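Below is one structure, written out as structure tokens; the observations come after it.
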Amino acid sequence: KAIARKEKKASEKKEAELKEADDENNGNKKQSQKGGGKATVVDEDPLGKEFLKKDPLAEARKYSLMLAQYAPQKLETWMLQYDVSIRRNKPMLALQALHKARSLDCTSSELFTRLVDFDNRSFDDATTTDVVLTVLVEEAPELLGMQPVQDFVLKTAASIRDEPLTSLPMRIAVTKALIDKKISSVEESCALIVDGGLDSREVTVETCRDATSYLASLGDDAATCLAKWFELVQE
């Protein structure tokens with residue numbers, strides 16, 4: 001009985017403290033409102049259930065527009081803008097995003113991947129106007145230096161071979177382009193990753209995992225390169 005009384009007393013004390021704290025918060029809120037301050041914002045959807053009902057692409061568009069307004073000097077802003085615009089079938093906005101990103105960092109592996117992706121796209125459907133198609137035909141080639149995408153990829157690959165310190169993400173991106181476009185053999189393309197070794201820039205645990213996963217996904221065609229890569233990583 002003594003233990004029960006003790007526990008009951010502690011419980012009543014805790015409830016009284018919580019009530020006092022709640023009363024104090026309410027008093028502060030009222031005082032703030034009387035003094036012209038802003039009322040405390042109450043989260044009506046703390047678990048995000050209502051948020052999950054919204055259109056993800058529409059929400060992504062809002063965030064990409066906010067970033068474009070407040071962080072226009074960040075490359076990631078325009079990469080997100082491109083990804084969202086492509087999914088919304090807005091080629092003009094995607095083209096603009098690529099031009100913005102190119103002016104910030106023309107050596108980015110993220111930009112290279114999207115340049116190749118944009119060239120693969122076809123926008124001659126019923127939703128694309130003649131004016132938009134005309135602009136795309138005139139402006140898009142400038143992104144690749146007024147050359148076919150195959151030449152653009154080959155030129156980038158050649159520059160990587162001449163510069164041993166080219167970042168590992170760029171080596172992976174160009175390797176993928178060479179193989180996807182069937183410009184060179186799998187083994188020759190994968191050599192861009194392996195020959196660079198671990199002395200190139202942006203060699204991290206994450207980028208090494210990316211390289212390993214991609215080489216492994218190519219199967220027997222890249223078995224030799226994958227074995228060499230394992231040796232480098234283990235060292």
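Excluded from the calculations below are hydrogen atoms, water molecules and symmetry mates; all remaining heavy atoms, backbone and side chain alike, are included. A quick note: this is a predicted structure, and the numbers were derived from the prediction, not measured.
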Answer whether the closest heavy-atom distance between the side chains of Leu154 and Leu178 falls below 4.5 Å.
-> yes
Can you find a heavy atom in the side chain of Arg102 that is under 4.5 Å from one in the side chain of Leu111?
-> yes
Take Thr113 and Ser108 through the side-chain contact (heavy atoms from CB on, under 4.5 Å) test and state the conclusion after the steps.
-> CA-CA 9 Å; Thr113 299; Ser108 166; over 6 Å; no
What is the minimum heavy-atom distance between Leu192 and Arg161, and which atoms define it?
-> CD2-CG, 3.8 Å
To the nearest 0.5 Å, tell me how far Leu57 CG sits from Arg87 CZ.
-> 8.0 Å
Should we count CD of Glu59 as having more than 12 external heavy atoms under 6.0 Å?
-> yes
Closest non-hydrogen atom pair between Ala177 and Val153, with its separation = CB-CG1, 3.9 Å
Can you check side-chain contact (heavy atoms from CB on, under 4.5 Å) on Val42 and Glu44, steps first, answer last?
-> CA-CA 6 Å; Val42 179; Glu44 301 292 345; 4.2 Å; yes
Salt bridge (Lys or Arg N to Asp or Glu O under 4.0 Å) assessment of Lys228 paired with Glu231 = CA-CA 5 Å; Lys228 291 181 180 178; Glu231 291 178 5; over 6 Å; no
Taking the side chain as every heavy atom from C-beta outward, state whether Leu67 and Trp78 have any pair of such atoms under 4.5 Å apart.
-> no
Could you state whether Leu115 and Leu80 fall into the same hydrophobic cluster, counting links through intermediate Ile, Leu, Val, Met, Phe, Trp or Tyr residues with side-chain heavy atoms under 4.5 angstrom apart?
-> no
Between Lys181 and Asp119, is the closest basic N to carboxylate O distance under 4.0 Å?
-> yes
Mind checking whether Thr77 and Pro72 have side chains closer than 4.5 Å, heavy atoms only?
-> no
Between Glu188 and Ser184, the two heavy atoms sitting closest are OE1-CB, 3.8 Å
Same hydrophobic cluster for Tyr63 and Ile86, using side-chain heavy-atom links shorter than 4.5 Å among ILVMFWY?
-> no
How about Leu95 and Leu143: do any of their side-chain heavy atoms sit closer than 4.5 Å?
-> yes
Enclosure of Glu163 CD (heavy-atom neighbours >12, cutoff 6.0 Å) | yes
Separation between CE of Met170 and OG1 of Thr175, rounded to the nearest 0.5 Å = 11.0 Å
Answer yes if the side chains of Ser167 and Ser200 hold a donor-acceptor pair under 3.5 Å, and no otherwise.
-> no
Any donor-acceptor pair under 3.5 Å linking the side chain of Ser103 with the backbone of Lys100?
-> yes
How long is the gap from CG on Leu218 to NZ on Lys176, to the nearest 0.5 Å?
-> 9.5 Å
Tell me, please, which residues at least two apart from Arg209 pass side-chain hydrogen bond (donor to acceptor under 3.5 Å, both in side chains).
-> none
How about Thr207 and Glu202: does a side-chain donor come under 3.5 Å of a side-chain acceptor?
-> no
Report yes or no: does Arg171 contribute a side-chain atom to a donor-acceptor pair with the main-chain N or O of Thr166 at less than 3.5 Å?
-> yes
Taking the side chain as every heavy atom from C-beta outward, state whether Phe152 and Phe112 have any atom pair closer than 4.5 Å.
-> yes
When every non-hydrogen atom of Leu226 is compared with those of Ala216, the smallest separation belongs to CD2-CA, 4.0 Å
Please report the C-alpha distance between Phe230 and Leu215 in whole Å, then the side-chain angles of each, then the deciding distance to 0.1 Å, and finally whether the side-chain contact (heavy atoms from CB on, under 4.5 Å) criterion is met.
-> CA-CA 10 Å; Phe230 274 134; Leu215 291 174; over 6 Å; no
From Asn120 CG over to Asp180 CG, what is the distance, rounded to the nearest 0.5 angstrom?
-> 8.0 Å
Does any non-hydrogen side-chain atom of Arg88 lie less than 4.5 Å from one of Val84?
-> yes
Working for salt bridge (Lys or Arg N to Asp or Glu O under 4.0 Å), residues Lys53 and Asp45 = CA-CA 12 Å; Lys53 296 178 182 179; Asp45 186 28; over 6 Å; no
Nearest 0.5 Å please: distance from the CD atom of Gln147 over to the CD atom of Glu142.
-> 12.5 Å
CA sep, side-chain torsions, deciding dist, call: Cys190, Trp229, side-chain contact (heavy atoms from CB on, under 4.5 Å) = CA-CA 10 Å; Cys190 291; Trp229 179 251; over 6 Å; no
Would you mind reporting whether Tyr82 and Leu93 have side-chain heavy atoms less than 4.5 Å apart?
-> no
Say whether Leu65 and Met92 are linked into one hydrophobic cluster, either directly or through other cluster members, by side-chain heavy-atom distances under 4.5 angstrom.
-> no
Between atom NZ of Lys62 and atom NZ of Lys54, what is the distance when rounded to the nearest 0.5 Å?
-> 5.0 Å
ILVMFWY network linking Leu104 to Leu98, side-chain heavy atoms under 4.5 angstrom | no
